[in-house]
Amino acid sequence: MAKITVKDTEVNVVKVNGEDYICLTDMIRAKDGDFFITDWLRNRNTLEFIGIWEKVYNPNFNYGEFATIRNQAGLNSFKISVKEFVARTNAVSLQAKAGRYGGTYAHKDIAFEFAMWISPEFKVYIVKEFQRLKEEEQRLIGWSAKRELSKINYRIHTDAIKHNLIPAEITKTQASIIYANEADVLNVAIFGMTAKQWRDANPDLKGNIRDYASINELICLSNMENLNAVFIEQEMPQSERLIKLNRIAIHQMSVLENGDDNRKLLK
C-alpha cells in the first residue's frame, strides 16, 4: 500500500498480481459536484476503452457479455456497478475492495483515463505524482539490493579471519582491530583508501565508504570478501593478498562496467 497526494487529495495505490492499481474512490473526491464512479462507468467512451484494454491484456475477458453491456450504454435506464461489471465480464482492469483500504481500484492505465474525466489538470498531476512514486520505489529497491550485496560473503570473510588470524587468547578490542584491518585490505584493494582516509576526506558525509559504493563496486566487494577468505585459509601474507585482490578488483570492475577502469595497480 502506498499513497500519493494529487491536488491536496490523498490517493491510495496498491499492488494486484504485481500490477499497480489506483483508488478511484479517493480520486473522485477531487471532482467538483456530486458524481459517482457508476456515472463514469456507464459512459460509452469509458466502456469502449475498458473493452479494448481487456481484450489486449485479459485472455479470459468475456467479450460477448461485454458487448451486451456496451450496447446498453447511452440509455437513460442503463446503470451498472463495478462489482456487477467485473462479475459479468471477468474484467481485471477494475477491482472492488472491502476492508480498511476498501473502495474501487483500477489498473493505472484505466485510472489515468478516469483522472481525465475528473479534469485534464488532475490527470497531469496524478501522472506526475505516480512517476515520482515509482522513482522512489526504484531508489529503495536499489538501496535494499546494496544492503543485501554487502552481506552475501561477509560471514565467510569474518569466519576466515576468526579461525586463522585471531589468536585464541585475545581481547575483544584487539580482535576488532584485526577485523577492521582486514576490512581495510578490501577497501584499499577496491576503493584505493582505508575507511579512515575516506572519513578524513569526507568529513561532511554520514556513514562509511561502503555506504556510497555503486552496485558494481558492491558486487566486486562481495567477490573480494570470498576471495580474501580463501587467501587467508591458504595462509597468504596480507601484503601479497592486497596486491592480488587489487588486480582482481580492477579486472572485475572493468568487466562489470564494460569499459576501461582508471584505477591504478598497487605496487
Side-chain angles (χ1 to χ4, degrees), residues 2 128-129 131-267:
K128 181 176 182 290
E129 285 304 307
Q131 289 173 338
R132 183 199 58 76
L133 173 67
K134 294 293 102 180
E135 289 170 1
E136 178 66 12
E137 286 180 356
Q138 288 302 312
R139 187 189 68 79
L140 292 175
I141 289 171
W143 181 82
S144 297
K146 288 173 73 172
R147 293 280 295 180
E148 291 305 312
L149 280 169
S150 66
K151 296 176 183 177
I152 290 175
N153 288 316
Y154 175 77
R155 186 173 179 180
I156 295 173
H157 187 235
T158 55
D159 188 70
I161 296 170
K162 178 180 179 180
H163 290 95
N164 294 275
L165 299 180
I166 298 179
E169 297 296 328
I170 195 172
T171 66
K172 288 184 177 180
T173 301
Q174 290 171 320
S176 67
I177 292 173
I178 296 174
Y179 283 122
N181 185 261
E182 284 301 321
D184 269 338
V185 168
L186 301 179
N187 289 335
V188 173
I190 297 171
F191 306 113
M193 65 182 73
T194 65
K196 183 179 185 304
Q197 288 171 334
W198 182 88
R199 286 195 300 273
D200 291 342
N202 301 278
D204 297 328
L205 295 180
K206 295 181 180 180
N208 58 56
I209 188 171
R210 300 184 185 193
D211 291 328
Y212 296 88
S214 67
I215 291 292
N216 285 343
E217 287 172 329
L218 288 174
I219 291 172
C220 186
L221 174 62
S222 178
N223 293 339
M224 294 305 102
E225 285 178 327
N226 189 44
L227 287 171
N228 196 37
V230 173
F231 296 156
I232 289 172
E233 295 280 357
Q234 294 174 347
E235 300 183 354
M236 188 182 295
Q238 188 185 81
S239 58
E240 187 177 338
R241 284 190 279 114
L242 177 57
I243 298 296
K244 198 173 185 68
L245 289 168
N246 174 247
R247 292 180 183 275
I248 295 171
I250 289 175
H251 173 70
Q252 289 196 3
M253 286 301 298
S254 178
V255 172
L256 289 170
E257 297 184 350
N258 195 28
D260 296 330
D261 198 299
N262 60 5
R263 299 161 202 260
K264 295 181 180 180
L265 292 171
L266 295 173
K267 303 295 184 182

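Just so it is clear, the model here is predicted, and its values are computed rather than measured.
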Exercise for the section: Given salt bridge (charged side-chain N to carboxylate O under 4.0 Å, His left out), test E225 with R210 step by step and report yes or no. Expected result: CA-CA 13 Å; E225 285 178 327; R210 300 184 185 193; 3.8 Å; yes

Rounded to the nearest 0.5 Å, how far does [atom2] of [Y] lie from [atom1] of [X]?
X    : Y    : atom1 : atom2 : value
K244 : N228 : NZ    : CG    : 12.0 Å
I250 : Q252 : CD1   : CD    : 11.5 Å
L221 : I215 : CG    : CD1   : 11.5 Å

Exercise for the section: Identify, with sequence neighbours excluded, every residue that meets side chain to side chain donor-acceptor pair (under 3.5 Å) alongside K134. Expected result: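 Partners of K134 under the side chain to side chain donor-acceptor pair (under 3.5 Å) test: D20, E137.
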
Exercise for the section: Check side chain to side chain donor-acceptor pair (under 3.5 Å) between Q131 and all other residues, then give those that pass, not counting sequence neighbours. Expected result: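 Here no residue qualifies.
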
Search all heavy atoms of [X] against all heavy atoms of [Y] and return the closest pair with its distance.
X    : Y    : result
M253 : C220 : SD-CB, 3.9 Å
L242 : V185 : CD1-O, 3.4 Å
F231 : L245 : CE1-CD2, 3.8 Å

Check: [Y] and [X] side chains under 4.5 Å, non-hydrogen atoms:
X    : Y    : result
I243 : N246 : no
M193 : N187 : no
L186 : F191 : no

Problem - Any donor-acceptor N or O pair under 3.5 Å, side chains N208, R199 - result: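 No, no side-chain donor-acceptor pair sits under 3.5 Å.
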
Practice task
Check the side chains of N181 and D184 for a donor-acceptor pair under 3.5 angstrom, ignoring hydrogens and angles.
Solution key: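 No.
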
Donor-acceptor check, side chain of [X] to backbone of [Y], threshold 3.5 angstrom: yes or no?
X    : Y    : value
N226 : N223 : no
Q174 : T171 : yes
E135 : R132 : no
Y212 : K206 : yes
S176 : T173 : yes

Problem - Carboxylate-amine/guanidinium contact R241 E182, below 4.0 Å - result: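 Counted as a salt bridge, because a side-chain N and a carboxylate O are separated by less than 4.0 Å.
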
